[in-house]
There are 2 protein chains.
Amino acid sequence: MGMETYIQVLKNNRLKVTPRRKAIIGVFMKHGVRMGPYELYEKLKRKLPKLGLPTVYRILEELKDAGILVQSLAEDRRLRYALCACPDEHHHHFTCRKCKKVEEVEFCNFNGLSSFIEKNLNAKVESHNLQIEGLCARCR
Amino acid sequence: MGMETYIQVLKNNRLKVTPRRKAIIGVFMKHGVRMGPYELYEKLKRKLPKLGLPTVYRILEELKDAGILVQSLAEDRRLRYALCACPDEHHHHFTCRKCKKVEEVEFCNFNGLSSFIEKNLNAKVESHNLQIEGLCARCR
DNA sequence: TGGATAAATAGAAATGATTTCTATTTATAC
DNA sequence: GTATAAATAGAAATCATTTCTATTTATCCA
């Protein structure tokens with residue numbers, strides 16, 4: 001998925017196409033790893049010396065809501081973000097615990113679990129979030 | 001699962017059976033909902049006026065590592081904890097987004113997804129964490 | 001049962017991530 | 001080009017979380 005497609009997603013979500021937003025998406029496209037606000041801020045402050053950390057926080061949240069980024073909880077109990085290559089269809093992501101690379105997992109067999117819950121707990125399942133970790137092909 | 005069993009889990013993990021730890025487990029047994037450090041601190045400070053918030057943070061982390069508690073990420077981007085009724089066998093938990101009650105889901109069909117990842121990404125899957133939310137039988 | 005020992009805790013303090021706020025700038029629609 | 005609302009900078013506040021040290025306590029063992 002190229003920058004043009006992400007720009008289209010921004011527009012679809014009524015988010016303006018600003019240099020900051022494009023720059024942050026660009027960093028994620030360049031480095032396929034998950035990153036936190038401060039890491040992005042550090043990587044961008046040369047090109048964008050006036051960038052503020054609050055702006056990074058806000059943009060990350062907006063991009064997550066738009067489906068462009070996925071959020072995950074890191075070992076240090078903080079949130080990291082990574083690019084989602086296909087925001088349109090439901091799927092999951094695999095993160096390498098060593099190099100932090102995030103890869104798409106275009107597969108989900110949650111239906112069985114979901115109907116188990118609806119049947120056994122009589123509950124209505126609304127969302128599920130799966131965080132998968134391990135070692136990628138290169139690091140294993 | 002009763003207090004005696006949790007005490008046994010503490011011992012198995014070489015954690016001392018202290019009044020604080022028992023009190024925190026007790027609060028979770030009484031309220032079957034997920035809670036954060038400050039909520040527990042508030043609920044306990046009458047019975048344990050000398051309890052400190054850092055102690056609560058530490059105990060929550062220890063009980064999570066021992067498998068007595070499960071951790072989940074709440075909407076406010078903070079971590080909450082809930083009791084795990086069967087720390088021995090792998091399973092998941094369902095949280096009601098309205099009343100925050102946490103229920104056991106003694107089922108997991110992750111194998112299919114796992115072998116999909118190992119085959120397609122040539123990665124080694126080491127762990128997965130599934131957060132399931134919705135409306136419980138009472139709140140739906 | 002009582003002392004030895006390491007683990008656990010209180011309490012104060014520091015840390016630092018995250019959020020809030022206001023004035024200014026900028027992307028977009030017309 | 002201009003109007004408008006959205007986005008941003010920058011400073012400051014907030015507050016969750018962690019660190020540190022002295023003290024207390026659970027547990028082990030004689």
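Throughout, protein chains are lettered first and strands after them, A, B, ... in sequence-line order, and every chain is numbered starting at 1.
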List the steps and the verdict of side-chain hydrogen bond (donor to acceptor under 3.5 Å, both in side chains) for Glu133(B) and His128(A).
-> CA-CA 6 Å; Glu133(B) 311 221 340; His128(A) 71 280; over 6 Å; no
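Applying the 6.0 Å contact sphere to CZ of Arg140(A) captures more than 12 heavy atoms from other residues, nucleotides or ligands.
Between Pro37(B) and Lys11(B), the one whose closest nucleotide on DNA chain D sits nearer the 5' end is Pro37(B). Where Leu51(A) and Arg78(B) meet DNA chain D, the nucleotide closest to each residue was compared, and Leu51(A) sits on the side nearer the 5' end.
The listed nucleotides are dA8(C), dA7(D), dT17(D); the one nearest the side chain of Leu53(B) is dT17(D). Out of dT17(D), dT25(D), dA27(C), the shortest distance to the side chain of Tyr57(B) is found at dT17(D). Each of dA16(D), dT9(C), dG11(C) was ranked by its minimum atom distance to the side chain of Pro54(B); first place goes to dG11(C).
Between Arg58(B) and dA8(C) there is no side-chain N or O to OP1 or OP2 distance below 4.0 Å. Contact annotation: Arg14(B) does not reach the phosphate of dA7(C) (side-chain N/O to OP1 or OP2, under 4.0 Å). Contact annotation: Thr18(A) does not reach the phosphate of dA6(D) (side-chain N/O to OP1 or OP2, under 4.0 Å). One finds a side-chain N or O of Arg77(B) lying less than 4.0 angstrom from the OP1 or OP2 phosphate oxygen of dT19(C).
Side-chain contact between Tyr38(B) and Leu53(B): present, with at least one pair of heavy atoms (C-beta onward) separated by less than 4.5 Å. Between Ile7(B) and Met3(B) the shortest side-chain heavy-atom distance falls below 4.5 Å.
In this structure, Tyr41(A) atom OH and dG10(D) atom C1' are separated by 10 Å, rounded to whole Å. Between Tyr38(B) atom OH and dT14(D) atom P the separation is 16 Å, expressed in whole Å. In this structure, the CD atom of Gln8(A) is 12 Å from the P atom of dT28(C), given to the nearest Å.
Looking at heavy-atom distances under 4.0 Å, Lys50(A) makes contact with sugar-phosphate atoms alone, never a base.
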